[in-house]
Number of protein chains: 2
Amino acid sequence: MVSVTGGEPLVLTIAGARALPSGPFESGHRSLQSGVRAWVEQQTHHPVGYVEQLYTFADRDRTEAAARVISISYLGLTRQARPGGDAAASWQSWYRYFPWEDHRAGAPAAVERLIAPALRDWAGSAPSLGGRRERRQRAGVNFGLDGHAWNEELVLQRYELLYEVGVVAEATRGSDRTCAAPAPGEPMLHDHRRILATGIARLRAKIKYRPVVFELMPPSFTLLQLQQSVEALAGQRMHKQNFRRLIEQQELVEETGRIATETGGRPAKLFRFRRAVQQERAFAGTKLPVTRGP
Amino acid sequence: MVSVTGGEPLVLTIAGARALPSGPFESGHRSLQSGVRAWVEQQTHHPVGYVEQLYTFADRDRTEAAARVISISYLGLTRQARPGGDAAASWQSWYRYFPWEDHRAGAPAAVERLIAPALRDWAGSAPSLGGRRERRQRAGVNFGLDGHAWNEELVLQRYELLYEVGVVAEATRGSDRTCAAPAPGEPMLHDHRRILATGIARLRAKIKYRPVVFELMPPSFTLLQLQQSVEALAGQRMHKQNFRRLIEQQELVEETGRIATETGGRPAKLFRFRRAVQQERAFAGTKLPVTRGP
DNA sequence: CCTGGAAATGCTCGATATGAGCATAAGGAG
DNA sequence: CTCCTTATGCTCATATCGAGCATTTCCAGG
């Protein structure tokens, strides 16, 4: 479950903020999707705006037990992020687990100080010259080093790279090694941090071609609030005027006629999501040079 | 398993071309993905170029049996499409099951003659005025009617719409109704046609932002062959010159130095895929107006 | 050898979309 | 009344996209 409140992307956690909510497979529902939705709503008393299947894991080395467990992970979006009845559950900023993913105030210092050196060491320790070159390139592409641009969608690839490099706490669990130079970021139980990385990556990709952000917004909002929600998810700052142009030209929103005055500056128009666009248009990234005529 | 041969998109089938290959869950592998890859290669003796998890189904009304079965569907791509050792397996054009998806020679006549009238009847039979309008709009968006543009990615939505309308053979199985005006296209067992639709949709979306077509191409190829493979998958014709421009400007291919002469016209340069691009770049659809400087 | 057909390849041109930034408006705090 | 802050409007250069013209280079057939 993901929410955005006050410009922070929040994720619902349990077990002292060290695990994602999970439940047993219930067979009372028509589909898995509806089962997940009902389960979350019952657990958190939040209406769930959007649910999407993420990935199914059944890897043998995933759990300590010999029995293979199949886990089907889901991404859910909700508007409200108040602590529910369950005291063990809490909302946490997802940057608590992935501090290197937040580039809203520029590249985090932790990347420079901790991650980049670890990546350099790792790249330099490859046996062959080609291997070193390949590792350096992979590190550069994933973390936006060596002149590569930062790509906010590579959340999972970055986490897996850090895992391979061995600076992720989860990577050394069960082995006799300890994490020599741990990367910043809280670990989670089992492979929950990997699942969360998958979810963040999916969401960051999705906001670009489907109007899912609105599932996280209150019924009416200013364009700055909308922008800040997108920035929270993408972990990047947006160009304000161009962001407005994008939203308005796509006719995703309409004015409510009301005005928000607590902006700190000039009052802002309040907008609401035009639900009709979901029916009018099919959102899909068009890129291929198709022919029009006969 | 999907392949492309001679400009036709092929899918590996079993059971007299009425089902997709499937197998039991094998626990000998490190991950599901590697298990699937090994299983397919063992069954078909084809090297599998690419494997991706599609979706996990566990819907109760999915099978006749009371026991709930979890099926994890995968999409695989391979270069070769020769009948393997298993005589029950065969490669079939996927348009055999979805004739309405092939717009390479314009909108298929079957859409006009069979599907559009059925959709009109269905839209007209909604109880309320708003419902009729909504249904008409949904039909228009999905099938490119009423001035809407055809969107080749909506494979699953179209199949599910036809299912709801009741013109799909699978929709009436088990009930006492028969399919009054069946839509064209061969049915499949269980929900395999739905899984295939999911796979086609995923592949059609993916070729736009990831260089997966090359998994289906021989080691060297002409740009026309490449274009025809994309056209086979997308079910649409491309603008030849713009297609080349797109491929070349992205530096996805490099010349082999050799020439193909059996083109029917001027000989064509042979190209090969630049595998290096997979490392150099991170492919992702960028759309958000991020800020560059400080 | 010459000609027409077919495909390959090169290039242009207008319409949009995108990135970046200037300028003005309209609140509140002091 | 002034400054600070955010909202909002607008411009401009550049990249990208859709469409189509033009030329090249092979083969087949007279």
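Note that the structure is a prediction, hence the values are computed from the model and not measured. Chain letters run A, B, ... following the sequence lines, proteins first, then strands; residues in each count from 1.
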Could you list all N or O pairs between the protein and nucleotides 3-6 of chain D that sit under 3.5 Å apart?
unit_1	atom_1	unit_2	atom_2	d
D:dT6	O2	A:Arg266	N	3.3

Check your understanding: How long is the line joining CD of B:Glu248 and P of C:dT9, in whole Å?
Key -> 8 Å
Revision key, fill the gap. Here the residues of residues 250-261 of chain B within 4.0 Å heavy-atom distance, strictly under, of DNA chain D are none
Check your understanding: Does A:Arg158 use its side chain to pair, donor to acceptor, with the backbone of A:Asn142 at less than 3.5 Å?
Key -> yes
Point to revise | B/S/- contact track for nucleotides 11-18 of chain D, protein heavy atom under 4.0 Å | key: B-----BB
Practice item. Take atom NZ of A:Lys208 and atom P of C:dT18, then tell me their distance rounded to the nearest Å. Key: 13 Å
Practice item. Could you tell me whether the side chain of A:Thr256 and the main chain of A:Leu270 form a donor-acceptor pair under 3.5 Å? Key: yes
Check your understanding: Taking atom types as modelled, is there a side-chain donor on A:Glu52 or A:Tyr50 under 3.5 Å from an acceptor on the other?
Key -> yes
Point to revise | Nearest-Å distance for atom pair CZ/P, residues B:Phe221 and C:dA8 | key: 14 Å
**Study point:** Any donor-acceptor N or O pair under 3.5 Å, side chains B:Arg258, B:Ser220
**Key:** yes
Check your understanding: Any donor and acceptor pair, going by atom type alone, linking the side chain of B:Arg204 with main-chain N or O of B:Glu152 inside 3.5 Å?
Key -> yes
Point to revise | Residue pair A:Arg245 / A:Gln249, side-chain donor-acceptor N/O under 3.5 Å | key: no
Review point. Will you find, in the side chains of B:Ser3 and B:Thr78, an N or O donor that is under 3.5 Å from an N or O acceptor?
Key: no
Review point. Taking B:Arg274 for the side chain and B:Glu251 for the main chain, is one N or O donor matched with an acceptor at less than 3.5 Å?
Key: yes
Study note, to complete from the structure: note: B:Met238, atom CE; D:dG20, atom P; distance rounded to Å ~ 17 Å
Point to revise | Short side-chain to backbone donor-acceptor contact, A:Gln227 and A:Met238, under 3.5 Å | key: yes
Check your understanding: In terms of the nearest nucleotide of DNA chain C, which residue is placed more toward the 5' end: B:Arg244 or A:Gln241?
Key -> B:Arg244
Check your understanding: Looking only at atom types and distance, does a side-chain atom of A:Arg237 sit under 3.5 Å from a main-chain N or O of A:Gly106, one as donor and one as acceptor?
Key -> no
Review point. B:Gln228 has an atom CD; how far is it from atom P of C:dA8, in whole Å?
Key: 8 Å
Review point. Any sub-3.5 Å donor-acceptor pair from B:Gln250's side-chain atoms to B:Ile247's backbone N or O?
Key: no
Revision key, fill the gap. To the nearest angstrom, the CG-C1' distance between A:Leu270 and D:dT8 comes to 15 Å
Practice item. Starting at atom NZ of A:Lys269, determine the distance to atom C1' of C:dA26, rounded to an integer number of angstrom. Key: 13 Å
